[in-house]
Every structure is written in C-alpha cells, then in structure tokens.
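These notes are about the structure you will find just below.
Remember, predicted model here, so these are calculated numbers, not experimental data. Both backbone and side-chain heavy atoms feed into the values below; hydrogens, waters and symmetry mates do not.
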Amino acid sequence: MSTLGYLERLKRNDPSSEVWWDSSPVVYAPFKQHLLDKYPAAAAHIEQLMPDAFTPHTGFSSVTTNPRLVTAAVLDKREYWSSRFNLASLSPQALRKKLYNEVIAEGAAALQPLWVQSAQAQGWISAQVEPVDVRCTERMTARGLELHQLAPNVMVKVPGSLEGLDTVECLVAQGGSVNITFCFTVSQFQAGLQAIERGLSTAHSNGIDTRHCKYVITFMIGRFACQPEFALQAAERGLALEPDDLRWAELLIYEQVQALVAASTVPVKTLLSSIKIDVDERGNKHCWHLEKTGLTSTCYTLTPDVVEFLVERESRGKPVLPASEPLQPPPATFAKLLRIAYFCDAYFLDSIEPYDFGNHEAFLNACNEANSAHRRLADYCVRLCPAKPFKLSLNAILAAEYGVVA
C-alpha cells in the first residue's frame with residue numbers, strides 16, 4: 001500500500017503548503033496512540049503525519065491554540081497545572097494569566113527543536129490575546145508583547161477587528177510573528193495584509209530583523225456559512241440554500257483570498273481553520289474544505305477529529321485528495337449567492353468597512369465562544385484562589401445597599 005498521505009499529496013501541488021496541529025501539544029501523543037490502536041491498517045500513514053516528535057519535512061509543522069483549547073488543557077489536568085504555583089499568593093486574575101502562559105510556554109518548548117532545525121520556518125505555536133480586549137488596541141498590544149516574550153517561537157494570534165489590526169501593525173513593527181484570526185471576508189484579508197506591510201516598513205526603518213518572522217491570516221472557513229444571518233437573508237429573497245450552496249460560498253471566498261494573497265508582496269500565507277466534515281444522505285463523509293482546496297499554497301490547522309477522518313479514509317484505501325483543478329462552482333449556485341448581501345460583503349473587496357469587521361455575525365459568534373472559554377478559566381481560578389474575606393464582605397454590603405461592588 002502507498003504511504004502517500006494527504007500532506008504529501010498537498011505538497012505535490014505546492015511544496016510550501018503546510019498542516020498544523022489544532023490542539024494543545026499535550027494531547028498529541030495520546031491521540032496518536034488512540035489512532036494506532038483504532039486504525040492499525042493505517043499505521044504507516046499515522047507515523048508519517050504524526051511522528052513521535054514534531055520534526056522537519058514530515059507531519060505537522062506548527063500548532064495553533066485558542067482560549068478554548070488552553071482552558072480545556074488546564075481543566076483536563078487541573079492538579080498538574082495548578083501545582084506549579086503558590087495559590088495563596090495569587091489573585092484569580094494573576095493565576096489565570098500564569099496558567100495560560102504556562103500552557104503556551106510548555107507547547108513552545110515542545111516545538112522549539114523543530115523551530116531550530118527548520119531555520120525558524122516551522123515549529124511555531126499560536127497564542128491568542130484575550131478575547132475580552134477585542135475592541136482595545138492598547139490592551140491587545142500589551143498582552144501580545146507579553147505572549148511574544150514567552151518564547152521565540154510564539155506567534156501572537158490577534159482578532160481581525162479594526163483595533164486588532166492596529167495591534168498587528170504594532171507587533172510586526174517590533175519583530176513579532178502574528179496570526180490574524182476571526183477573518184471571514186476578503187476585505188479583512190486586504191486590511192490584514194496592509195497592517196502587516198505597514199508594520200514591516202516600520203520594523204525595517206528601525207533596523208529590526210524580520211527575516212525569520214512568520215505571518216498568517218486565518219480564514220475560519222467552516223464558520224462562515226453556518227451563521228443564521230446567511231439563511232435569513234436568503235429566505236427574505238425567496239432563496240433556499242442547500243448544503244452544497246453553503247460550502248460553495250465558503251470555497252469561493254477562499255478562492256478570492258488566495259488570489260489576493262498571491263498578488264501581494266507581503267510574506268503571508270492563508271491558514272484555513274474550522275474545517276468541517278459533512279455527511280451525505282447515505283452516511284458517507286466528505287470534506288470539501290480539504291478536497292477542493294490546496295491547489296495553491298495553503299496552510300491547514302487540523303483538529304483531532306479532522307485528523308481521524310483523514311486516517312479513517314486512508315485505512316479503507318479511500319484517501320482524501322486535495323484539489324487537482326481550479327474551482328468550478330455551478331453557475332446557478334454562484335448566481336444565487338450573488339443575490340445575497342451576506343455573501344457579497346465577504347466576497348467582494350471593499351464591501352465591508354474596517355470598523356464593521358468586528359460587527360460581522362461570524363466574528364461576533366467566534367468571539368463569544370472564545371469569551372466563554374476565557375470566563376470558564378477565570379471562574380476556575382476564582383474557585384482555586386483563597387477568598388479575601390474583607391473584600392468579599394465589603395462587596396456583599398455594597399451590592400446589597402447600592403447595587404455596586406468594590
């Protein structure tokens with residue numbers, strides 16, 4: 001049996017394409033063992049995609065994290081992480097930041113050998129700024145610099161809001177690597193490219209070496225078409241959106257993004273996240289986000305579920321193949337999509353103002369999910385840290401009498 005896997009087939013299209021691990025590095029080894037136990041017929045493919053250590057030229061080249069993944073990593077091994085700190089000396093806020101930083105730093109350490117061996121081209125770990133600060137450039141920039149300083153192979157993940165793009169410019173200007181996330185429109189990609197370009201110009205003017213920095217802009221492809229606003233606007237026009245129509249909408253935006261990135265002189269790659277697996281009426285699984293993309297340089301961040309989908313297909317001798325020809329959407333589908341403002345705002349350049357990047361429904365929902373994880377970790381830290389009796393008593397009095405807290 002051929003051991004040519006999805007990544008190898010992808011690199012035959014374009015050698016600069018990559019796959020990233022979309023989870024904490026701490027779950028990498030246990031998940032690999034799970035796959036080996038469940039799919040022995042695909043052992044060779046599993047070893048190629050997931051060598052025991054992150055190594056150059058094979059398997060995952062970098063890692064993405066987010067508040068949800070960090071929170072899950074902490075809560076899955078509570079004693080392991082919390083035992084590292086003197087809880088009596090920390091406030092809940094300080095503990096939350098230390099826990100978050102520790103997860104990122106440990107992941108960066110696991111990837112650093114790959115980062116060194118690949119001359120800093122691979123072995124990066126994305127660490128996201130706090131989602132609660134999405135409208136504050138100053139706070140996102142300060143936190144981004146803290147994350148940047150945790151390890152040399154940390155790539156700071158910043159939401160693609162107007163304020164976030166100002167943060168991106170500041171971080172790039174200071175020699176930071178960035179991942180612009182929560183992106184759903186071609187206009188956001190253009191603004192992201194411009195922010196990175198401005199940052200690079202400032203860095204070069206100040207003599208800062210950026211040759212080994214890495215920049216990606218993340219299209220959360222599977223989160224675009226599932227938003228209620230899309231279906232609502234279609235219904236108001238008397239249009240019915242079939243499952244294939246939704247995927248074509250996402251793929252058409254990807255195509256526009258790829259053209260924009262290819263035409264730019266900024267050293268940026270498109271990173272696809274939120275990749276979705278679909279099931280047809282016969283129960284067969286497929287993934288257009290993998291099967292109809294990758295003809296040109298693309299990075300993919302793959303969750304364990306998507307990795308298992310690839311391995312399961314390899315084990316049955318029905319491998320998932322990347323695109324072998326340009327997208328050819330049905331003309332009727334494209335014509336239908338062009339009647340819907342939600343699609344047009346994302347597909348056409350300059351259709352959405354930078355101020356409204358952060359008001360896009362998909363952006364808001366992604367941010368809400370990240371905030372939920374942020375609050376869950378914060379609440380866990382509140383429960384861990386000893387209460388300050390006087391402050392709790394004062395807060396109780398103020399709340400009862402005046403409806404406020406100290």
Side-chain angles (χ1 to χ4, degrees), residues 1-66 69 73 104 106-127 151-155 177 179 212 214 216 218 269-275 277 287 289-291 293-294 297-315 319-323:
M1 180 188 295
S2 169
T3 58
L4 200 65
Y6 184 82
L7 175 59
E8 290 73 32
R9 298 182 185 100
L10 186 66
K11 285 185 173 292
R12 289 200 304 189
N13 283 349
D14 192 306
S16 65
S17 290
E18 303 175 34
V19 293
W20 296 14
W21 176 243
D22 191 7
S23 192
S24 170
V26 301
V27 305
Y28 177 86
F31 184 72
K32 176 186 176 180
Q33 189 58 53
H34 158 76
L35 293 178
L36 289 169
D37 292 342
K38 190 173 180 179
Y39 304 100
H45 297 291
I46 296 167
E47 291 294 347
Q48 273 196 311
L49 184 59
M50 302 184 70
D52 288 342
F54 291 90
T55 55
H57 315 305
T58 182
F60 294 102
S61 59
S62 291
V63 169
T64 54
T65 69
N66 56 46
L69 292 173
I104 298 302
E106 186 167 297
L111 289 160
Q112 192 159 19
L114 171 57
W115 186 75
V116 172
Q117 294 164 25
S118 67
Q120 304 173 21
Q122 302 176 11
W124 293 91
I125 183 168
S126 287
N153 57 327
V154 169
M155 171 186 286
S177 295
N179 173 355
H212 297 295
K214 186 137 184 168
V216 299
T218 298
K269 287 186 179 182
T270 301
L271 177 65
L272 290 187
S273 75
S274 303
I275 292 167
I277 300 164
C287 180
H289 293 155
L290 296 176
E291 296 162 347
T293 63
S297 178
T298 309
C299 297
Y300 300 80
T301 182
L302 306 182
T303 64
D305 284 346
V306 175
V307 174
E308 183 160 359
F309 164 71
L310 290 175
V311 169
E312 189 272 335
R313 286 280 297 267
E314 293 284 0
S315 73
V320 178
L321 307 176

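At a threshold of 4.5 Å between non-hydrogen side-chain atoms, the residues Met50 and Leu35 count as touching. Annotation: side chain of Pro319 is in contact with side chain of Arg9 (closest heavy-atom distance under 4.5 Å). Within the 4.5 Å cutoff, the side chain of Val311 has no heavy atoms near those of the Lys38 side chain. The shortest side-chain heavy-atom distance between Ser17 and Lys269 does not fall under the 4.5 Å cut-off. Under the 4.5 Å side-chain criterion, counting only non-hydrogen atoms from C-beta, Phe60 is not in contact with Leu114. Side-chain contact check for Leu49 versus Tyr6: every heavy-atom pair is 4.5 Å or farther apart.
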Residues Glu106, Val26; criterion side chain to side chain contact (heavy atoms under 4.5 Å, CB included); working and verdict: CA-CA 9 Å; Glu106 186 167 297; Val26 301; 3.6 Å; yes

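Screening Glu312, Glu314, Arg313 for a side chain to side chain contact (heavy atoms under 4.5 Å, CB included) involving Val320 leaves a single residue, Arg313. The side chain to side chain contact (heavy atoms under 4.5 Å, CB included) test with Val63 singles out one residue from Tyr28, Trp124, Phe54, and that residue is Phe54. Put simply, the residue from Thr64, Thr301, Asn179 that forms a side chain to side chain donor-acceptor pair (under 3.5 Å) with Ser126 is Asn179.
The line from CH2 of Trp115 to NE2 of His212 is 8.5 Å long, rounded to the nearest 0.5 Å. Between Ile125 atom CD1 and Ser24 atom OG the span is 7.0 Å, to the nearest 0.5 Å. If you take SG on Cys299 and CG on Leu10, they are separated by 9.0 Å, rounding to the nearest 0.5 Å. Taking CG from Leu69 and CD1 from Ile104, the interatomic distance works out to 9.5 Å, rounded to the nearest 0.5 Å. To the nearest 0.5 Å, atoms CG (Asp14) and CZ (Arg12) are separated by 13.5 Å.
The shortest non-hydrogen separation linking Ala108 to Val154 is CB-CG2, 4.2 Å. Of all heavy-atom pairs between Phe31 and Pro304, the closest is CZ-O, 3.1 Å. Shortest non-hydrogen contact noted between Ser273 and Thr218 is OG-CG2, 3.2 Å. Of all heavy-atom pairs spanning Ser61 and Glu18, the tightest one is OG-OE1, 2.7 Å.
Counting only residues at least two apart or in different chains, salt bridge (Lys or Arg N to Asp or Glu O under 4.0 Å) contacts with residues 54-63 are absent.
When only modelled atom types and interatomic distance are considered, Glu308 and Tyr39 share a side-chain donor-acceptor pair under 3.5 Å.
For Glu47, the salt bridge (Lys or Arg N to Asp or Glu O under 4.0 Å) partners are Lys32, not counting sequence neighbours. Qualifying side-chain contact (heavy atoms from CB on, under 4.5 Å) partners for Val306, counting only residues two or more places apart in sequence or in other chains: Ile275, Ile277, Leu290, Leu302, Thr303.
Without hydrogens or angle criteria, Ser62 side chain to Gln122 main chain gives no donor-acceptor distance under 3.5 Å. The backbone N or O of Gly294 sits less than 3.5 Å from a side-chain atom of Tyr300, completing a donor-acceptor pair. Of the possible donor and acceptor atoms, none in the side chain of Ser315 sits under 3.5 Å from a partner among the backbone N and O of Ala42.
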